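What follows is one structure encoded as structure tokens, with my remarks underneath.
Model, not experiment: these values are computed from the prediction. Any value given below was found using the heavy atoms of this structure, including those in side chains, with hydrogens, waters and symmetry copies removed.
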Amino acid sequence: MSKQEVVNQHANFNCMSRDSILSPREARINLPFSLLLSTAAATATWTPSPAYAKQSSPQFEQSLKQYFPGSIPSSTVLLRVQSTLRKRQYLPYNTLISTSLPTEEIIYTPTSLISQLRTKLSEAKDGGIYALGGLGGIPFAGDAGMGDMLSHSPKDGKIVILFGPHVGIDKFGAMGKVERIGTEEFGTDEASGVLVRAYFDIMNGGSGMTSSTSGMNLEEEYVVGLLKKMPLNEWKLQGGDDYAISKLTTEFYKIIQVLVSKQVEGCIARKGNGFWDRVTEVTMIGGIIINRGHGSGTEGGDDYFQPLSMKTLVKGTELNLYGEVFGDLSTPRI
């Protein structure tokens with residue numbers, strides 16, 4: 001069966017909004033597709049509607065390709081990741097899912113990447129998500145939170161950690177903006193995330209901070225401090241605000257990747273060989289979530305994900321799975 005035949009046959013499930021690539025080998029011929037259908041029927045999880053197959057605006061597509069090459073729809077990421085992890089015996093009864101993602105509601109919609117991973121890789125009825133991330137996706141739960149999460153592993157368990165920042169692109173292709181459900185207009189007050197609002201405030205001569213009445217701005221102080229160390233003015237001069245926002249988003253991905261890796265490796269080092277008495281594998285999937293509008297007058301549909309890393313830790317070994325799962329994409333090698 002050709003790629004186009006696969007896409008046409010399963011368009012409603014795959015939520016394709018453009019000529020996306022399913023490979024490696026059509027995600028093992030859609031996992032197979034019958035397995036996904038049977039799983040969905042058994043767990044009564046969400047069913048994508050035809051509306052989710054609508055094509056994005058040309059301006060959105062252009063910005064997506066320009067600033068985040070190699071990005072693919074969330075449902076395509078699911079097929080690829082699930083195909084590979086199923087072969088490694090990641091099953092609903094033995095898999096725990098964790099995230100270091102931003103806290104915004106747009107990250108956790110029923111059709112978001114993390115929601116799809118939860119319903120397919122863990123117990124759809126009882127399986128939850130251990131959230132490590134805070135503002136900007138930084139793993140503010142720290143070493144204590146990481147250690148606690150890993151201690152929750154099922155017996156002979158498999159751990160999946162999805163991490164990274166996010167950014168919105170509106171239907172006109174503007175970076176850092178996203179139409180939200182229930183809103184007819186959008187602007188900087190609905191820009192995607194604290195990072196973008198802080199960026200514009202800093203560029204306009206402000207501190208980047210929100211006025212505090214509670215004294216609970218520790219996370220904001222941290223992420224704004226990181227922003228101020230970045231060459232924001234240089235990036236803006238090179239390519240304007242859109243370019244600068246794409247660059248700072250990528251820089252935050254790098255920061256999150258380092259922190260998540262250090263926290264996992266630190267926990268393993270502290271527990272020694274005893275760590276592997278309960279956990280058999282830890283898989284870390286990193287990238288950038290690109291949200292598109294779901295508000296009034298927008299096409300809706302799948303958000304996108306730019307996959308930038310995927311590796312699995314087993315006792316004494318680190319396996320790079322990126323090439324197997326995402327190696328055919330035009331993503332930058334960071």
Side-chain angles (χ1 to χ4, degrees), residues 74 96-109 112-115 117-118 128-152 159-168 176-178 180 188-202 206-230 232 245-267 282-291 303 305-306 308-309 334:
S74 297
L96 174 64
I97 297 179
S98 181
T99 63
S100 187
L101 299 172
T103 54
E104 291 194 39
E105 83 290 341
I106 201 169
I107 300 293
Y108 298 97
T109 65
S112 67
L113 176 57
I114 186 58
S115 295
L117 286 173
R118 185 191 71 81
I129 297 170
Y130 197 115
L132 301 164
L135 294 182
I138 299 292
F140 283 110
D143 295 321
M146 181 66 75
D148 186 53
M149 183 275 292
L150 292 170
S151 73
H152 294 182
I159 308 292
V160 176
I161 304 175
L162 177 68
F163 66 87
H166 81 131
V167 69
K177 295 183 179 181
V178 63
R180 298 178 187 272
T188 55
D189 59 325
E190 285 147 355
S192 183
V194 172
L195 298 184
V196 174
R197 288 194 292 274
Y199 162 77
F200 280 114
D201 190 51
I202 292 169
S207 68
M209 293 289 298
T210 303
S211 298
S212 175
T213 57
S214 66
M216 295 297 293
N217 280 13
L218 297 178
E219 291 189 12
E220 185 182 25
E221 289 176 359
Y222 185 86
V223 298
V224 169
L226 293 174
L227 274 176
K228 289 182 176 180
K229 295 178 182 179
M230 297 179 186
L232 303 179
I245 292 170
S246 70
K247 291 291 290 184
L248 71 87
T249 303
T250 301
E251 288 302 306
F252 265 82
Y253 162 77
K254 296 176 184 178
I255 293 167
I256 297 166
Q257 180 189 37
V258 169
L259 291 174
V260 168
S261 295
K262 284 186 175 180
Q263 289 174 8
V264 171
E265 292 164 3
C267 183
V282 179
T283 293
M284 292 176 276
I285 306 168
I288 297 171
I289 295 173
I290 300 98
N291 300 117
D303 288 328
F305 185 69
Q306 185 189 42
L308 296 172
S309 65
I334 295 177

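Counting heavy-atom neighbours within 6.0 Å of Lys228 NZ, excluding the residue itself, gives a total above 12.
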Exercise for review: Could you walk me through whether Glu219 and Val194 pass the side-chain contact (heavy atoms from CB on, under 4.5 Å) test, one step at a time?
Suggested key: CA-CA 10 Å; Glu219 291 189 12; Val194 172; over 6 Å; no

Practice item. List the steps and the verdict of side-chain contact (heavy atoms from CB on, under 4.5 Å) for Tyr130 and Ile161. Key: CA-CA 9 Å; Tyr130 197 115; Ile161 304 175; over 6 Å; no

Point to revise | Derivation and outcome, side-chain contact (heavy atoms from CB on, under 4.5 Å), residues Ile159 and Met149 | key: CA-CA 9 Å; Ile159 308 292; Met149 183 275 292; 3.9 Å; yes

Review point. Are Arg118 and Tyr108 close enough, and set up right, to give a side-chain contact (heavy atoms from CB on, under 4.5 Å), and what steps lead you there?
Key: CA-CA 11 Å; Arg118 185 191 71 81; Tyr108 298 97; over 6 Å; no

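Heavy atoms only, all atoms of each residue included: Ile256 and Ser100 are closest at CG2-OG, 4.0 Å. Shortest non-hydrogen contact noted between Pro139 and Val260 is CG-CG2, 4.1 Å. Leu227 approaches Leu195 most closely through the heavy-atom pair CD1-O, 3.7 Å. Smallest separation of non-hydrogen atoms from Gly287 and Pro165: O-CD, 3.6 Å. Taking both residues in full, the closest heavy atoms of His166 and Thr249 are given as O-CG2, 4.2 Å, listed atom of the first, atom of the second, then distance. Minimum interatomic distance between Gly164 and Pro102 (heavy atoms only, all atoms of both residues): O-CD, 3.3 Å.
Aromatic ring pairs are classed by plane angle as parallel below 30°, tilted from 30° to 60° and perpendicular above 60°; the pair Tyr253 and Phe163 is parallel.
Residues Phe252 and Ile288 are not in side-chain contact: their nearest non-hydrogen atoms beyond the backbone lie 4.5 Å or more apart. Here the side chains of Gln257 and Ser309 are in contact, with some heavy-atom distance below 4.5 Å. Looking at heavy atoms from C-beta onward, Leu96 lies out of side-chain contact with Leu150 at the 4.5 angstrom threshold. When side chains are defined from C-beta on, Phe200 counts as touching Ile245, because their heavy atoms get closer than 4.5 Å. Between Asn217 and Val224, every side-chain heavy-atom pair lies at or beyond the 4.5 Å cut-off. Looking at Asp201 and Ser207, their side chains come closer than 4.5 Å, going by heavy atoms from C-beta outward.
Taking CD1 of Ile97 as the reference point, atom CG of Leu117 lies at 5.5 Å (rounded to 0.5 Å). One finds the CG atom of Asp303 at 4.5 Å from the CG atom of Asn291 (value rounded to the nearest 0.5 Å). To the nearest 0.5 Å, atom CD1 of residue Ile255 and atom CE of residue Met230 are 4.0 Å apart.
Under the 3.5 Å distance criterion, the side-chain polar atoms of Thr99 are left unmatched by any main-chain donor or acceptor of Leu162. Looking only at distances, no side-chain donor or acceptor of Ser74 sits under 3.5 Å from a matching main-chain atom of Ser112.
With Ser98 as the partner, the side chain to side chain contact (heavy atoms under 4.5 Å, CB included) test is satisfied by one option alone out of Ile114, Val264, Leu132: Leu132.
Residues satisfying the side-chain contact (heavy atoms from CB on, under 4.5 Å) test with Lys254, not counting sequence neighbours, are Thr250, Glu251, Ile334. The side-chain contact (heavy atoms from CB on, under 4.5 Å) check on Leu218 picks up Glu221, with sequence neighbours excluded. For Thr103, there are no side chain to side chain donor-acceptor pair (under 3.5 Å) partners two or more places apart in sequence or in a different chain.
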